[in-house]
Amino acid sequence: MNTKTSILVVDDNKELCDSIKEYLEHEGYAIGCANSGNDAISMVHSIGYDIALVDIGLPDIQGSDLVVKLAEISPSTDFIHITAHATLDSAIEAVRHEQVVSYETKPLDMNHLLALLNQIMKRKKMEEALLQSDKLKSIGTISAGISHEFNNILAVISGNVQLMMRAYKDNGELVNALNIIMKATNDGAEISNKMYDFAKTEVDIKEYVTDDVGVLIQQSIEFTMPRWKNMAQANGISYHIDIDGIRGESEVRCNSTEIREAFVNIINNALDAMPEGGKISFSTLNKDGHVFIKVTDTGKGMIEDVREKVFDPFFTTRRPEGTGLGMSIVYSILSRHNGKINVKSEIGKGSTFTLQLPIYTRADAKIKISEIELVPKSNNGLHILVVDDEEPICDVLDKFLSKEGHMVRTVDNGAEAIILAGVSDYDLVLCDMVMPEVFGYDVIRALNDLERRPKIGIITGWGEKLKPIEDENIKVDFILKKPFDFSEMMRLIDNAFSGI
Ligand SMILES: Nc1ncnc2c1ncn2[C@@H]1O[C@H](COP(=O)(O)OP(=O)(O)OP(=O)(O)O)[C@@H](O)[C@H]1O
Ligand SMILES: [Mg+2]
């Protein structure tokens with residue numbers, strides 16, 4: 001279903017051109033023929049060929065000069081010279097230009113040529129995959145940074161909105177407007193979290209469990225049932241989900257939630273591509289220590305330009321509903337699991353995504369979650385230290401926690417927090433993670449070393465999960481993600497002090 005490899009044959013010998021064309025077309029290549037240098041130039045202007053076979057001795061231009069011109073027009077084309085003589089000099093002359101990857105002598109050995117073309121295409125594909133992964137890595141770094149900054153900004157907005165909602169709860173009109181701001185803030189937080197999910201590179205294999213791919217697919221199909229069954233039926237549309245191709249067990253070590261999320265995204269995209277109904281087929285194959293999972297839909301398919309960008313973050317053809325983050329997250333999830341994903345699709349002929357994951361062979365790894373000692377204590381009038389380099393965040397937490405009857409002190413850096421916590425007895429320290437100079441982790445380590453250890457809550461714009469808790473020196477009692485919800489914060493504080 002993929003676009004064919006395109007090859008331009010440039011030779012003034014028309015019969016030779018035609019015979020190469022016939023042979024290679026039979027092998028599945030798309031061939032263009034030019035019998036002069038000028039023809040070749042105009043053809044390359046309209047199509048960027050993958051490979052060009054260029055005769056050295058053309059009547060209107062030297063083959064090697066033609067390569068220079070063609071390479072300028074189409075820098076991604078690889079060139080093979082065709083020469084009549086197989087002398088060393090002619091070979092050196094033939095591969096003089098860096099884009100000339102090889103030369104073939106006449107009469108052509110077609111089997112040799114075919115092997116060479118396959119080899120070139122294999123290398124080109126590997127280079128493309130590398131480029132794609134480099135590109136996505138850089139976008140990931142940017143996305144992670146933006147997501148972090150956004151969460152800080154959103155935390156200030158949502159914190160103040162929640163304060164105002166409490167202060168002016170009798171003013172219906174104002175509360176309505178605040179609700180709208182809150183909803184927009186939550187939407188923003190959702191996008192920001194998706195960006196973080198895409199950018200996430202760290203893998204916490206301690207959280208990995210062994211799961212069967214077939215079961216994960218089944219669960220993802222169930223998750224999406226409201227869309228492909230209930231809602232579709234209500235609109236008179238019918239979808240068929242075919243799982244007959246799922247063969248045997250394929251156990252993988254994974255974060256099951258993430259793998260299900262990957263399948264859910266793929267299913268949702270397939271449904272988006274089949275507004276009038278259609279079929280989604282799943283199949284699995286265990287081979288060479290990997291499970292290959294194919295998901296095929298009978299939807300509208302993709303043009304080449306879309307197919308090439310499908311894993312790019314923010315690339316979408318479904319504006320304004322689509323964020324374009326779905327498939328970039330899938331790509332990132334697969335990479336984190338040492339897996340791969342690729343797509344084959346043609347317009348009007350549906351799409352097939354092939355996912356590849358390493359199969360788990362039983363060598364056990366147990367998940368250890370260290371216990372946090374919980375001291376029951378009343379949670380009124382707590383002494384709370386808030387550490388965040390963003391002043392507006394300190395302000396909003398100060399206001400909220402003070403209103404709840406706690407005694408709050410705020411500091412904007414880790415060093416001061418460590419000193420303060422050493423001299424005063426705090427019941428709770430709420431600590432940001434990413435701060436200049438002294439990092440949140442350092443503050444938490446220092447707090448854990450105190451004789452009278454306060455309860456510790458991380459407030460973070462990143463997606464840290466249980467990781468820090470599992471490290472002996474950085475025990476924390478809860479993690480609150482920015483932008484925070486005050487009710488959630490109160491619940492976490494309550495839990496931390498009530499031993500639940
Ligand atoms: N199965 C498919 N069939 C046709 N086009 C697809 C398919 N899957 C993805 N695409 C194309 O790739 C684009 C990117 O997909 P992606 O899931 O990343 O974003 P989205 O679906 O547009 O938005 P969202 O973030 O809501 O998922 C889509 O807009 C669509 O053009
Ligand atoms: Mg999508």
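When a ligand or atom number is given, it counts from 1 through the structure's own listing order. Predicted, not measured: the structure shown is a model, and the values here were computed from it.
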| query | Which residue holds the protein heavy atom closest to atom 1 (N) of ligand 1, what is that atom called, and what is the gap in Å? | reply | D297 OD2, 2.8 Å
| task | Report the nearest protein non-hydrogen atom to atom 12 (O) of ligand 1: residue, atom name, distance rounded to 0.1 Å. | result | V310 CG2, 3.3 Å
| task | Measure F311 to ligand 1 on non-hydrogen atoms and call it side chain, backbone, both or neither using the 4.0 Å cut-off. | result | neither
| note | among protein heavy atoms, the one nearest atom 20 (P) of ligand 1 is R318 NH2, 3.6 Å
| query | Taking the six-membered ring for Trp, are F400 and F486 parallel (under 30°), tilted (30 to 60°) or perpendicular (over 60°)? | reply | parallel
| message | When you compare the side chains of R491 and S487, does any donor N or O come within less than 3.5 Å of an acceptor on the partner? | response | no
| task | Name the option, out of G322, A273, S345, A270, that contains the heavy atom nearest to atom 3 (N) of ligand 1. | result | A273
| Does one side chain, of T185 or S158, offer a donor that lies under 3.5 Å from an acceptor on the other? | no
| query | How are the rings of F292 and H290 set to each other: parallel, tilted or perpendicular (split at 30° and 60°)? | reply | tilted
| message | If the cut-off is 2.8 Å, does any N/O/S atom of N269 fall short of it from the Mg ion (ligand 2)? | response | yes
| query | So is there a nitrogen or oxygen of G324 less than 3.5 Å from a nitrogen or oxygen in ligand 1? | reply | yes
| query | Is any side-chain heavy atom of L325 closer than 4.5 Å to a side-chain heavy atom of M195? | reply | yes
| request: Heavy-atom distances under 4.0 Å are what count here, so tell me which part of V330 touches ligand 1: side chain, backbone, both or neither. | output: neither
| query | Do we see a donor-acceptor contact under 3.5 Å between the side chains of R247 and T284? | reply | no
| What protein heavy atom is closest to atom 25 (O) of ligand 1, reported as residue, atom name and distance in Å? | T323 OG1, 2.4 Å
| request: Inspect the surroundings of CD in E25 and state if more than 12 heavy atoms from other residues, nucleotides or ligands are less than 6.0 Å away. | output: yes
| In the protein, what heavy atom is nearest to atom 7 (C) of ligand 1, and what distance, to one decimal place, separates them? | M302 CE, 3.6 Å
| message | Can you tell me which portion of M327 lies within the under-4.0 Å heavy-atom range of ligand 1? Options are side chain, backbone, both, or neither. | response | both
| Under 3.5 Å, is there a donor-acceptor pair linking the side chains of K399 and N160? | no
| request: Could you list the atoms of ligand 1 found under 4.0 angstrom from a heavy atom of T316? | output: 20 (P), 22 (O), 29 (O)
| note | In this structure, atom 14 (C) of ligand 1 is nearest to the protein heavy atom F315 O, 3.2 Å
| request: Using distance alone, determine whether N269 and ligand 1 share an N or O pair under 3.5 Å. | output: yes
| Y196-H148 aromatic ring centre distance below 6.0 Å | no
| What distance do E249 atom CD and D212 atom CG have between them, rounded to the nearest 0.5 Å? | 5.0 Å
| query | Would you call the rings of F311 and Y331 parallel, tilted or perpendicular, where under 30° means parallel and over 60° means perpendicular? | reply | tilted
| Heavy-atom contacts under 4.0 Å between V306 and ligand 1: side chain, backbone, both, or neither? | side chain
| note | Judged by heavy atoms only, the candidate from I329, I347, T317 nearest atom 30 (C) of ligand 1 is T317
| Sub-4.0 Å atoms of ligand 1 with respect to non-hydrogen atoms of F353 | 1 (N), 8 (N)
